[in-house]
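Okay, so here's the structure we're looking at.
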Amino acid sequence: QVQLVESGGGLVQPGGSLRLSCAASRIIFSRATMGWYRQAPGKQRELVAAITTGGNTNYADSVKGRFTISRDNAKNTVSLQMNSLKPEDTAVYYCNAKSESAIVWNSWGQGTQVTVSS
């Protein structure tokens with residue numbers, strides 16, 4: 001079973017920073033594009049950032065310049081460094097692994113709450 005273990009969520013003031021981390025199995029991680037999604041109340045889940053096994057990244061326009069996604073292939077983890085946080089960033093953040101092969105699959109973490117508020 002694919003297991004995505006998330007950590008790092010919490011409460012932070014506007015302008016502050018948080019770092020989210022997600023770990024997967026070595027075999028799955030080595031074959032998957034890793035991404036962070038978020039879902040705020042009343043809104044659809046949206047892609048925040050993604051990174052391929054080759055290190056190519058993609059960001060939502062709303063977080064460009066503030067968030068940085070990275071992966072550590074030795075530790076089988078993907079991280080999302082979130083700086084200059086805004087109240088609009090408040091959401092449940094989900095880790096995702098998506099296959100980079102002809103076999104279509106994806107796996108989701110349980111989600112971690114990020115709240116940006118004074």
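- Taking each heavy atom of Arg19 and Ser70 in turn, the nearest pair found is NH2-OG, 4.0 Å.
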Quick one: side chains of residues 27-34, donor-acceptor pairs under 3.5 Å with protein atoms, not counting sequence neighbours, listed by atom name and distance.
unit_1	atom_1	unit_2	atom_2	d
Ser30	OG	Arg26	O	3.3
Ser30	OG	Ile27	O	2.8
Thr33	OG1	Glu100	OE2	2.4

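- Heavy atoms only, all atoms of each residue included: Tyr59 and Ile69 are closest at OH-N, 2.9 Å.
- Note on residues 105-116: no pairs pass salt bridge (Lys or Arg N to Asp or Glu O under 4.0 Å), not counting sequence neighbours.
- For the pair Leu4 and Gln110, the tightest heavy-atom approach, listed with the atom from each and the gap, is O-OE1, 3.4 Å.
- Not a single donor-acceptor pair under 3.5 Å links the side chain of Gln81 to the backbone N or O of Phe67.
- Looking only at distances, no side-chain donor or acceptor of Ser79 sits under 3.5 Å from a matching main-chain atom of Ser21.
- Here the closest non-hydrogen pair linking Arg66 and Leu85 is NH1-CA, 3.9 Å.
- Pairs passing the disulfide bond (SG atoms under 2.5 Å apart) check and including a residue from residues 11-118, sequence neighbours excluded, read Cys22-Cys95.
- Listed for the Asn96 side chain is a donor-acceptor partner under 3.5 Å among the backbone atoms of Ser107.
- In terms of hydrophobic clustering, with Ile, Leu, Val, Met, Phe, Trp and Tyr side chains grouped at heavy-atom distances under 4.5 Å, Leu80 and Val116 are assigned to a common cluster.
- What you find for Thr112 and Glu6 is that their closest heavy atoms are N-OE1, 4.0 Å.
- Looking at residues two or more places apart in sequence or on another chain, you find no ring-ring contact (aromatic ring centres under 6.0 Å, His included) involving Tyr94.
- Looking at every heavy atom in both residues, Gly16 comes nearest to Val12 through CA-CG2, 3.8 Å.
- Arg71 places no side-chain N or O within donor-acceptor distance of the main-chain N or O of Thr77, the cut-off being under 3.5 Å.
- Although no hydrogens or angles enter the test, the distance criterion places no donor-acceptor pair under 3.5 Å between the side chain of Thr115 and the main chain of Leu11.
- A donor-acceptor contact closer than 3.5 angstrom links the side chains of Asn83 and Ser17.
- The side-chain heavy atoms of Ser118 and Pro14, taken from C-beta on, include a pair separated by under 4.5 Å.
- Listed by first and then second residue, the disulfide bond (SG atoms under 2.5 Å apart) pairs involving residues 36-87 amount to none (not counting sequence neighbours).
- Contact of the Met82 side chain with the Val114 side chain is registered, since non-hydrogen atoms from C-beta on lie closer than 4.5 Å.
- Between Lys64 and Asp61 there is a salt bridge, since at least one side-chain N of the basic residue sits less than 4.0 Å from a carboxylate O of the acidic one.
- Under the 4.5 Å side-chain heavy-atom criterion for Ile, Leu, Val, Met, Phe, Trp and Tyr, Val92 and Leu20 are members of distinct hydrophobic clusters.
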With a 3.5 Å cut-off and sequence neighbours excluded, list the donor-acceptor pairs that the side chains of residues 39-51 form with protein atoms.
unit_1	atom_1	unit_2	atom_2	d
Gln39	NE2	Lys43	O	3.1
Glu46	OE2	Arg38	NE	2.8
Glu46	OE2	Arg38	NH2	3.4

